[in-house]
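Whatever order the structure lists them in is the order used to number ligands and atoms, beginning at 1.
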Amino acid sequence: MCGIIAAASSRNVGKLLVRGLHKMEYRGYDSAGIALHQDNSIAHLRAVGKVQLLEDKMIAEKPKSKLGIAHTRWATHGEPSELNAHPHKSKDSVYIVHNGIIENYVELREELIKDGYEFSSQTDSELIAHLLDLYYKETKSMVNAMYKAKEKLDGAYAIAAINIDDNSNLVVARNKSPLLLGIGSDEILAASDPIAIAELTNDFIFLEDGDVAEISAETYKIFDNTKSKANREITHIDISTQATSKGDYRHFMEKEIYEQPEAVSKTVDGRIGGEDVLDNIFGLGSSDIFAKVERVQIVACGTSLHAGRVAANWFSSIAELPCQVDYASEYRYRNPHVDQNSLLITISQSGETADTLAALNYSKERDYLSSLTICNVPTSSLARESDFSLFTNAGPEIGVASTKAFTTQLAGLMLLALSLAKSRGLNPKLRGRIVKALRLLPETIAEALLLKDKMLEIAPNIANKNNALFLGRGIFYPIAKEGALKLKEISYIHAEAYPAGELKHGPLALIDENMPVIALAPESEIAEKLISNLEEVKARGGTLYVMADPSVNMDVKSGSLVHMPKCDFFMTPIVYNIPLQILSYEVALLRGTDIDQPRNLAKSVTVE
Ligand code: M6R
């Protein structure tokens with residue numbers, strides 16, 4: 001959470017820093033701030049609320065500077081307020097921005113108070129400014145001060161700092177929170193996400209844990225954990241401005257929903273050939289490792305976890321492998337037993353989710369055969385720290401609610417199920433059938449997007465309610481859960497999901513005319529049973545909205561029966577999720593919520 005950006009340039013940096021904050025606003029948006037070096041003083045502006053409010057202050061005050069740091073916040077310690085907003089300062093001399101969490105902040109704070117430092121915020125971050133001030137006085141070098149501070153700090157951090165004594169250099173440090181440098185012309189930048197500075201450069205250096213870097217407009221020096229000079233590779237990435245702007249869409253979420261046919265093509269293209277999946281698409285040697293796999297463990301959070309729950313079913317039916325799925329935040333705490341030849345799979349859009357990363361790191365101490373990530377960001381920590389990977393190629397996902405990331409994760413996980421089956425010499429005919437269905441998938445998703453008009457009809461009936469129930473059975477239960485998550489996250493309507501057979505064991509008590517029930521009824525052996533469950537709802541006055549196979553017919557009274565496009569059964573979880581995304585979006589639109597940046601949430605959850 002939180003986004004930091006810093007720049008040392010031969011031109012004024014105020015505007016470019018604020019523009020970078022706008023691009024990173026998905027990381028947190030409860031307050032923002034900036035510190036700009038002005039030779040004899042440092043301009044320090046902060047605002048509660050979105051980055052636009054900081055920009056308004058900048059427009060009014062017009063501070064000029066060639067060296068600065070800025071921050072957009074997602075509150076962890078202390079409410080959103082101007083005093084808790086970054087940058088934090090120590091004695092008007094050292095200013096810092098921080099993304100991450102300092103775990104030992106209580107004891108460090110007490111030590112610093114004894115040393116005479118005063119605190120004006122409730123954050124865990126302010127002490128970093130005081131530590132740097134203390135050690136700068138001792139060492140007369142911000143790089144050395146940062147190393148001394150690092151010895152004290154426990155936790156995750158990306159830090160950028162400036163000092164009143166130096167109007168040309170700034171110092172940054174990284175430990176378990178993303179941080180990269182951008183090499184521009186006559187300027188060097190640092191940011192939490194390349195998106196923040198993609199308009200200024202295509203050349204990035206991804207810092208490693210333990211790195212400290214000193215940056216000026218002309219040059220940069222990177223030092224590693226042992227304080228030795230480090231040569232880090234420059235990575236060239238083209239991030240088009242089209243990918244990071246809304247275009248004619250009202251929200252990023254809307255744009256990302258309608259991008260899904262193209263996004264899925266990009267996940268699948270070049271990874272299947274003829275009637276099978278290609279070898280080694282998860283990395284060199286992956287096909288050989290897959291031949292040894294006897295069990296699969298998935299860890300992920302939120303929407304990515306739902307993708308994992310769908311995939312567990314595929315691994316079982318296509319690759320004939322047992323699979324366990326855990327919330328990444330819970331996995332370490334259940335003392336998991338690891339069977340021989342187990343493969344650990346992480347799933348993540350951002351590749352920076354702290355709980356998922358922590359689970360991966362924990363797994364390294366256990367006896368796993370190998371680790372693999374399905375991830376959308378090739379430069380992310382998960383991508384770097386896993387043995388194998390498959391990038392979903394969905395392009396930047398900016399809306400906090402995950403849409404195209406989910407769909408492409410499912411396509412990637414299907415490729416994995418096929419690869420595991422192929423390496424284990426299983427089900428060639430079924431593999432051929434699924435490969436064919438994957439080729440048709442973008443077209444089928446495009447057809448499902450045409451259900452928008454039907455969702456527009458349903459949306460007002462959900463938007464005026466306070467609760468909603470989603471039902472699915474089997475592989476559709478995680479899709480029901482994803483539908484409920486999407487609705488609650490962007491419309492703030494309380495939504496739950498149940499396997500339809502569980503209804504009569506408790507939740508049926510909730511059914512009345514104020515409880516809309518959204519059900520998924522694909523044609524399968526379970527459809528018949530699900531329809532009986534829905535009759536139980538109808539008999540109690542509940543209104544039914546059913547996404548169903550064209551062969552399913554039932555009287556839904558005042559509700560709606562929506563017939564879905566026909567497709568291979570293995571593709572149905574992906575396709576049935578599409579109208580649920582549109583429904584949530586249209587409901588949220590009617591309720592007037594902040595769809596791309598829902599309250600209390602942030603896109604990239606880099607704290608445990
Ligand atoms: O970047 P990740 O996929 O690891 O993020 C995991 C969750 O935080 C994320 O899916 C979250 O649940 C979304 N906001 C849901 O729309």
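Scanning all protein heavy atoms for the shortest distance to atom 4 (O) of ligand 1 gives T353 OG1, 2.4 Å. Scanning all protein heavy atoms for the shortest distance to atom 8 (O) of ligand 1 gives V605 CG2, 3.9 Å. Among protein heavy atoms, the minimum distance from atom 1 (O) of ligand 1 is reached at S350 OG, 2.7 Å. Ranking the protein heavy atoms by distance from atom 10 (O) of ligand 1 puts T303 N, 3.1 Å first. At the top of the distance list for atom 6 (C) of ligand 1, counting protein heavy atoms only, stands C301 O, 3.4 Å.
Against a heavy-atom cut-off of under 4.0 Å, S304 is close to the following atoms of ligand 1: 2 (P), 3 (O), 10 (O). Every atom of ligand 1 with a heavy atom of S402 under 4.0 Å away is listed here by number and element: 15 (C), 16 (O). Taking every heavy atom of A401 and a limit of under 4.0 angstrom, the matching atoms of ligand 1 come to 16 (O). Those atoms of ligand 1 that come under 4.0 Å of a heavy atom in S348, given as number and element, are 1 (O), 2 (P), 3 (O), 4 (O).
Aromatic ring orientation, Y585 versus H251: perpendicular (interplanar angle above 60°, classes split at 30° and 60°). Ring planes of Y105 and H77: perpendicular class, angle over 60° (limits at 30 and 60°).
With no hydrogens or angles considered, no side-chain donor-acceptor pair links T123 and N84 at under 3.5 Å. For the residue pair T346 / T373, a side-chain donor-acceptor distance below 3.5 Å is found, with atom types taken as modelled.
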Test side-chain contact (heavy atoms from CB on, under 4.5 Å) on N361 and E385 and set out the steps. CA-CA 8 Å; N361 288 332; E385 289 172 27; 3.3 Å; yes
As a quick check of understanding, evaluate side-chain hydrogen bond (donor to acceptor under 3.5 Å, both in side chains) for T403 and Q581, giving each step before the final call. CA-CA 7 Å; T403 52; Q581 295 172 342; 5.1 Å; no
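Under 4.0 angstrom from ligand 1, the non-hydrogen atoms of E489 all belong to its side chain. Residue contacts with ligand 1 for K603 are absent, since no atom lies close enough (heavy atoms, distance under 4.0 Å).
Residue E208 forms a salt bridge (Lys or Arg N to Asp or Glu O under 4.0 Å) with just one option from R232, R174, K176, and that option is R232. When each of K255, K404, K603 is paired with E397, the side chain to side chain donor-acceptor pair (under 3.5 Å) condition holds for K603 and for no other.
The closest approach between any non-hydrogen atom of K486 and ligand 1 is below 4.0 Å. The shortest heavy-atom distance from T356 to ligand 1 is not under 4.0 Å.
Remark: R599 qualifies as a cation-pi partner of Y492 under the 6.0 Å distance and 45° angle criteria applied to the six-membered ring.
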